[in-house]
Number of protein chains: 2
Amino acid sequence: MQKTVPDNRRALILDEAAKLFSARGYDSTSMRDIAAAVGMLPGSIYYHFPSKDEILATIYGIGVDQIITAVETAITTVDDPWDRLEAAAVAHLDTLLNRDGYAAAVIADWPGDSEIRPRLVTERDRYETIFRKLVAALPGLRKAEQRLFRLTLLGALNWTLTWYRPGRQTPAQIARGIIAMLRKT
Amino acid sequence: MQKTVPDNRRALILDEAAKLFSARGYDSTSMRDIAAAVGMLPGSIYYHFPSKDEILATIYGIGVDQIITAVETAITTVDDPWDRLEAAAVAHLDTLLNRDGYAAAVIADWPGDSEIRPRLVTERDRYETIFRKLVAALPGLRKAEQRLFRLTLLGALNWTLTWYRPGRQTPAQIARGIIAMLRKT
DNA sequence: GTCTATATTAGGATAGAC
DNA sequence: GTCTATCCTAATATAGAC
């Protein structure tokens, strides 16, 4: 995924921070929390990252990459527009609800004020674009309906973060169920 | 809306706090921010509320009351199950996207740790129950499908908070559009 | 690269005058 | 009921030793 000789400590910080951010939120997670999870002292983190904001921005970038990669891989072998959308939804939810991934932080977190907001918006747009295209390819949807359809689908998918618990339905089953409800004919 | 001689200062604090909480989030809003918005000094707030948590819990209770009242009023005169669900969705979104209401804080805010979480969960359940009944009344949905249908609908509705901007479609139009997508025959 | 120690600021909350 | 003044804690971040 990255270089052959990666900076292990840096990656570990990102891993633990991503978990904490998605579990408790950005604002409620302190540098002390992250340091404790990694097994470092707070000051040491600053050797790897200049600020807490920068950690979040990095996680955002990786999280969006993870979703995009998963979705694009899932749809390459599929032709039918509805099947492609379903494959994308399954991949999206699989990535999102995987507790070790960075994707949950992308959806769940939105730092209060912060100067990095523009960057995060840009990242988020990157992955919305994929769904824009997938929805545009569906038959029988007028241009004006496509936008609301996309937002409805993404809302239903992303809202799972608030209620999903492992053990019942799998993420893939949930995604297919949601698509089935939105599928016409 | 309330008593004839209400505690104006207390109500004002709640109003301003609700706006700040839904705009910037609970954690990112300080007592100093609230005090400044009200035109008080931070210490004075504590005459009206014992803690910041208590302000949020109060807003939650009122916000849920607002949604429930709006939804129940909207559905009393409607008979057909699908029409009832649509009326409920319209009322829900009208309340949610009204910038002066407390409902947005209910959906958007979730304090990091806090001991009041159980209370908030209870409040949230109160309003989910209404939709549980409305969905149960729909024809042609098997028991197992009802839960996912409800969560999909609420997800799509609540997600509007992240993208809705006044000027385009009205909340009512959005709600009807979402229902139309989920409506079978 | 990590630690010790600490600067600095902000936040929730309280005591007591008015 | 609001203000003044302040306590206490926790947070981000930095400097410099090792």
Side-chain angles (χ1 to χ4, degrees), chain A residues 2-3 5-21 23-60 105 109-117 119-120, chain B residues 2-60 105 109-117 119-120:
Chain A
Q2 301 213 328
K3 291 182 192 164
V5 185
D7 186 338
N8 282 324
R9 303 300 279 165
R10 187 185 144 99
L12 184 57
I13 291 169
L14 289 173
D15 277 357
E16 297 300 328
K19 273 184 222 163
L20 289 167
F21 288 166
R24 301 193 284 183
Y26 178 75
D27 286 322
S28 300
T29 302
S30 69
M31 293 296 267
R32 285 168 168 76
D33 293 336
I34 299 171
V38 176
M40 268 182 175
L41 290 180
S44 309
I45 306 252
Y46 289 86
Y47 173 80
H48 302 276
F49 296 94
S51 71
K52 191 185 166 191
D53 271 2
E54 202 56 42
I55 296 179
L56 180 62
T58 306
I59 288 173
Y60 245 76
D109 273 321
W110 212 242
D113 253 343
S114 188
E115 297 158 6
I116 61 167
R117 273 185 90 130
R119 280 167 68 187
L120 306 191
Chain B
Q2 300 214 328
K3 289 181 193 162
T4 326
V5 185
D7 186 338
N8 280 324
R9 302 302 278 166
R10 189 184 142 99
L12 185 57
I13 292 169
L14 290 173
D15 277 357
E16 297 300 328
K19 272 184 225 164
L20 289 166
F21 288 168
S22 30
R24 300 193 285 182
Y26 178 76
D27 286 322
S28 300
T29 303
S30 69
M31 292 297 268
R32 286 166 170 80
D33 293 335
I34 299 171
V38 176
M40 270 183 172
L41 291 181
S44 309
I45 306 247
Y46 290 87
Y47 174 81
H48 302 276
F49 295 93
S51 71
K52 191 185 166 190
D53 271 1
E54 201 56 41
I55 295 179
L56 179 63
T58 305
I59 287 173
Y60 245 76
D109 272 320
W110 212 242
D113 255 344
S114 187
E115 297 159 5
I116 60 166
R117 272 185 90 127
R119 280 166 69 188
L120 306 191

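Each chain gets a letter, A, B and so on, in the order the sequences are listed, and its residues count up from 1.
- The side chain to side chain contact (heavy atoms under 4.5 Å, CB included) check on Asp27(A) picks up Asp27(B), Ser28(B), with sequence neighbours excluded.
- Sorted by first and then second residue, the side chain to side chain donor-acceptor pair (under 3.5 Å) pairs involving residues 10-22 of chain B (not counting sequence neighbours) are Asp15(B)-Tyr102(B).
- Sorted by first then second residue, the ring pair (Phe, Tyr, Trp, His ring centres under 6.0 Å) pairs that include residues 29-60 of chain A, not counting sequence neighbours, number zero.
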Q | Sequence-aligned protein contact record of nucleotides 2-14 of chain C, with B where the base is within under 4.0 Å of a protein heavy atom and S where only the sugar-phosphate is | A | BBB------BBBB

Identify all side-chain donor-acceptor contacts of residues 29-44 of chain A below 3.5 Å with residues at least two apart in sequence or on another chain.
unit_1, atom_1, unit_2, atom_2, d
Thr29(A), OG1, Leu20(A), O, 3.4
Thr29(A), OG1, Gly25(A), O, 2.8
Ser30(A), OG, Arg32(A), N, 3.4
Ser30(A), OG, Asp33(A), N, 3.1
Ser30(A), OG, Asp33(A), OD1, 3.4
Ser30(A), OG, Asp33(A), OD2, 3.2
Asp33(A), OD2, Arg24(A), NH2, 3.2
Asp33(A), OD2, Ser30(A), N, 3.0
Ser44(A), OG, Leu41(A), O, 3.4

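- With sequence neighbours excluded, no residue forms a salt bridge (Lys or Arg N to Asp or Glu O under 4.0 Å) with Arg117(A).
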